There are 2 protein chains.
Amino acid sequence: MASKVTLADLAKLAGVSTSTASRALNNSPLIKQETREKIQELAKIHSFSLNAAASRLRLQKTNVIAVIINLDDETEQSIDDPFLLKVVSDINLAVNRQGYELLLSNSYMAGDDWHGYFISGRRADGIVVVGQGKQQHRIERAVEAGTPLVVWGDPKTACNYPIVGSDNFLGGKTATQHLLDRGARRLVFLGEPAHAELGERYRGFQAALADCASADAQLVRIDITSQAAYQQINQMLRQDGLTFDGIFACSDMVALGAMKALKERYVSVPNDVRIVGFDNIAMADISHPSLTTIAQNTKQAAELLVAKLLAQLAGEQPSSEQVAIALMQRQSS
Amino acid sequence: MASKVTLADLAKLAGVSTSTASRALNNSPLIKQETREKIQELAKIHSFSLNAAASRLRLQKTNVIAVIINLDDETEQSIDDPFLLKVVSDINLAVNRQGYELLLSNSYMAGDDWHGYFISGRRADGIVVVGQGKQQHRIERAVEAGTPLVVWGDPKTACNYPIVGSDNFLGGKTATQHLLDRGARRLVFLGEPAHAELGERYRGFQAALADCASADAQLVRIDITSQAAYQQINQMLRQDGLTFDGIFACSDMVALGAMKALKERYVSVPNDVRIVGFDNIAMADISHPSLTTIAQNTKQAAELLVAKLLAQLAGEQPSSEQVAIALMQRQSS
DNA sequence: GTGAAAGCGCTAACAG
DNA sequence: CTGTTAGCGCTTTCAC
């Protein structure tokens, strides 16, 4: 069983004071190398660990970063989207690499007063919000209260907190240009432009089309889930037949849902319809045909998010930043 | 900015002692209803939150549960597997519902001494381990040290800590029986039976085959990733042609990888090869053909995991438990 | 019903 | 280089 060893016990065992023991464990250069090693050795033997609650209280610092998954509702982009896992898991790694721990949260737990709950409540030193959501008031409120906070979202959004995310405009434009280059002329944007990041992708879509007089476009608004995409495309085909020859889907999950509907109705991808997604999830590579998509550099973004959060903790005011996107050309286009 | 309000400040504002303020905020019945409301009101106005570090120190309780993703190596089942996200996210919900918070961890951060780091270190009250891994010594060590701990894994494993998971044996048997029922006779098990859960699925596979004299089976060991499955099936087809007519894949990701290889070589699914996966990830429904699979009830399992962990915190000794599986019949079989 | 006071285990002045 | 000491902010026993 857990013998409840405290720093005081350990100090006594080592024949030193608690201050010496504390410093030794924190590798303070004030302590002689030899003493340090002896105490650390002793700590290992007695499997002693510093009481984090006590040192957090004392230091007024938790070494914890809270990550809030900020989805709009249940129906929106689902927590099942593998892309979210990728983002969270990359943030986790980045956080750990800086010696912090990751408290995983959602709006359910944190309520509306993020500053009060996490910061005043000394549960975390700062917050990473994944997803801007459609209403940003919770974020703004937290920032106004002085919360160190960064957001994964669309970096072009004007605001007083740093946002890190992909160049969604360029991503949308690149994807669309690619569809045009491949010969598609009647394009569909499948998604929901009201969502900040997707809005930028849609603007990119429009920008690419503006240069091409012979092409036409339609916006098809759907919930950003593969289910919704499947049903929507299915219904469109049934009702109006094939009225398009290219789809830019706002996410890979959406693209894959659309692709399923097409294949079921014997529409050939890429011959009849070319399709491009966004995110480069693992499935994009393994679907058949494999899915052309815009890759987001989540690893780099995660590092940036954490770096900017730590910069805030150090009193700086880091700015928003875009990470590069890359077209992954595969079979679907 | 964050005005640093403490309980003492709040008490002064309310004209009461800190003890009264503390009790009021914790809804102690000792305090008059009226006083309670007044103080809670005041707390809201000044957006006061109890300092969690301080109360954790005082109470010797964190109200935090650590979740450790326990993958074997980098190469094994990838952190990208959407099934893992589902599990973690369901655990997160279950944890929150019990008023606990979720500290997301991995072997990197926790090191080898989980008890020391999390429990003695007062970072969490208990641990949920996701995945047994191939070596269980870290888990056992933690349990011996007295860590409240539960594992998502194969509940049939004999051990002195509770494991919650699906009935993998029945899952494997059901999947295989289904393949046989659909007429497949030359079956492949695609996966790695050394892994506890997968071993049970393999035993189920063998059990179903034992009842069917006309069928034969081969075990194809691979890393449990879609990539590995794709490459393996590809190579088998190239080298030996089509030597099988049914695949039981140990996970949906593996199944989807195999399916891609089959389709690329114009092997029809389900006509030439019938295929069944395991997990019922979102993609199973949206792939084309959609994937027949064994659904795991992650929601129920998550509730059980957390309930059993809390039971341990209350001094009980809960036992392992299986959750039911369900065959989801779709197009791939 | 409420208050006074002790102490959870740690860290960092300050003093040697 | 090391020790003494004073809290960090909260909860709870004990007293009233």
Side-chain angles (χ1 to χ4, degrees), chain A residues 2-40 42-43 46-64 116-125, chain B residues 2-40 42-43 46-64 116-125:
Chain A
S3 49
K4 182 82 70 42
V5 186
T6 73
L7 184 61
D9 300 336
L10 192 72
K12 203 168 294 171
L13 282 167
V16 298
S17 72
T18 57
S19 8
T20 303
S22 170
R23 287 192 262 251
L25 292 175
N26 290 308
N27 257 312
S28 158
L30 283 175
I31 305 296
K32 216 194 320 180
Q33 180 73 23
E34 193 193 317
T35 329
R36 245 191 284 174
E37 279 169 7
K38 188 177 99 189
I39 293 176
Q40 292 179 359
L42 216 51
H46 295 268
S47 56
F48 167 81
S49 301
L50 283 171
N51 182 321
S55 74
R56 284 173 190 171
L57 172 59
R58 176 61 230 234
L59 293 172
Q60 307 281 45
K61 175 134 178 21
T62 63
N63 280 295
V64 169
Y117 188 74
F118 290 110
I119 308 302
S120 305
R122 286 290 178 303
R123 275 165 240 273
D125 298 331
Chain B
S3 49
K4 181 80 73 37
V5 186
T6 71
L7 184 61
D9 300 336
L10 193 72
K12 204 168 294 171
L13 282 166
V16 297
S17 71
T18 58
S19 358
T20 303
S22 170
R23 286 192 264 250
L25 291 175
N26 290 309
N27 257 313
S28 158
L30 283 176
I31 303 296
K32 219 195 315 179
Q33 182 71 22
E34 193 194 318
T35 329
R36 245 190 285 173
E37 279 168 6
K38 188 177 100 190
I39 295 178
Q40 291 179 0
L42 216 51
H46 295 267
S47 58
F48 167 81
S49 301
L50 283 170
N51 182 321
S55 73
R56 282 172 191 172
L57 172 59
R58 175 63 229 232
L59 292 172
Q60 307 282 44
K61 175 129 177 28
T62 63
N63 281 296
V64 169
Y117 188 75
F118 289 110
I119 308 302
S120 306
R122 286 290 180 300
R123 276 167 240 271
D125 298 331

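All values reported here derive from a predicted model rather than from experimental measurement. By convention in this document, chain letters (A, B, ...) are assigned in the order of the sequence lines, proteins followed by strands, and residues within each chain are numbered from 1.
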Next on the checklist: Please find the pair of heavy atoms, one from A:R123 and one from B:L50, that lie closest to each other, and give the distance.
Outcome noted: NH2-O, 4.3 Å
Item to check | A:R122: salt bridge (charged side-chain N to carboxylate O under 4.0 Å, His left out) partners, not counting sequence neighbours | outcome: none
Next on the checklist: Please give me the minimum heavy-atom distance between A:Q60 and B:N51, naming the atom from each residue.
Outcome noted: OE1-ND2, 4.3 Å
Item to check | Nearest heavy atoms of A:A21 and A:L7, plus distance in Å | outcome: CB-CD1, 3.6 Å
Checklist outcome for this item: Sorted by chain and number, sequence neighbours left out, side-chain contact (heavy atoms from CB on, under 4.5 Å) with A:S19 holds for A:S17, A:R23
Checklist entry - Taking only residues two or more places apart in sequence, or in another chain, which ones meet A:K61 in a salt bridge (charged side-chain N to carboxylate O under 4.0 Å, His left out)? => result A:D125
Checklist entry - Once each nucleotide of nucleotides 8-16 of chain D is scored for protein heavy atoms under 4.0 Å, what B/S/- sequence comes out, 5' to 3'? => result BBBBBB---
Checklist entry - Looking at B:V5 and B:H46, what are the two nearest heavy atoms and their distance? => result CG2-O, 4.2 Å
Next on the checklist: Students should find this one: the first and last nucleotides of DNA chain C, 5' to 3', lying under 4.0 Å from a heavy atom of chain A. What are they?
Outcome noted: C:dG9 to C:dA13
Item to check | side chain to side chain contact (heavy atoms under 4.5 Å, CB included) assessment of A:I31 paired with A:T20 | outcome: CA-CA 7 Å; A:I31 305 296; A:T20 303; 3.9 Å; yes
Next on the checklist: Let me check the geometry of the helix from C:dG1-D:dC16 to C:dG16-D:dC1. What is the bend angle between the axes at its two ends, five pairs each, to 10°?
Outcome noted: 30°
Checklist outcome for this item: Closest heavy-atom pair, A:L57 versus B:A54, reported as atoms and distance to 0.1 Å, is CD1-CB, 3.7 Å
Checklist entry - Applying the side chain to side chain contact (heavy atoms under 4.5 Å, CB included) test to B:V16, which of B:L10, B:L42, B:I39 qualifies? => result B:I39
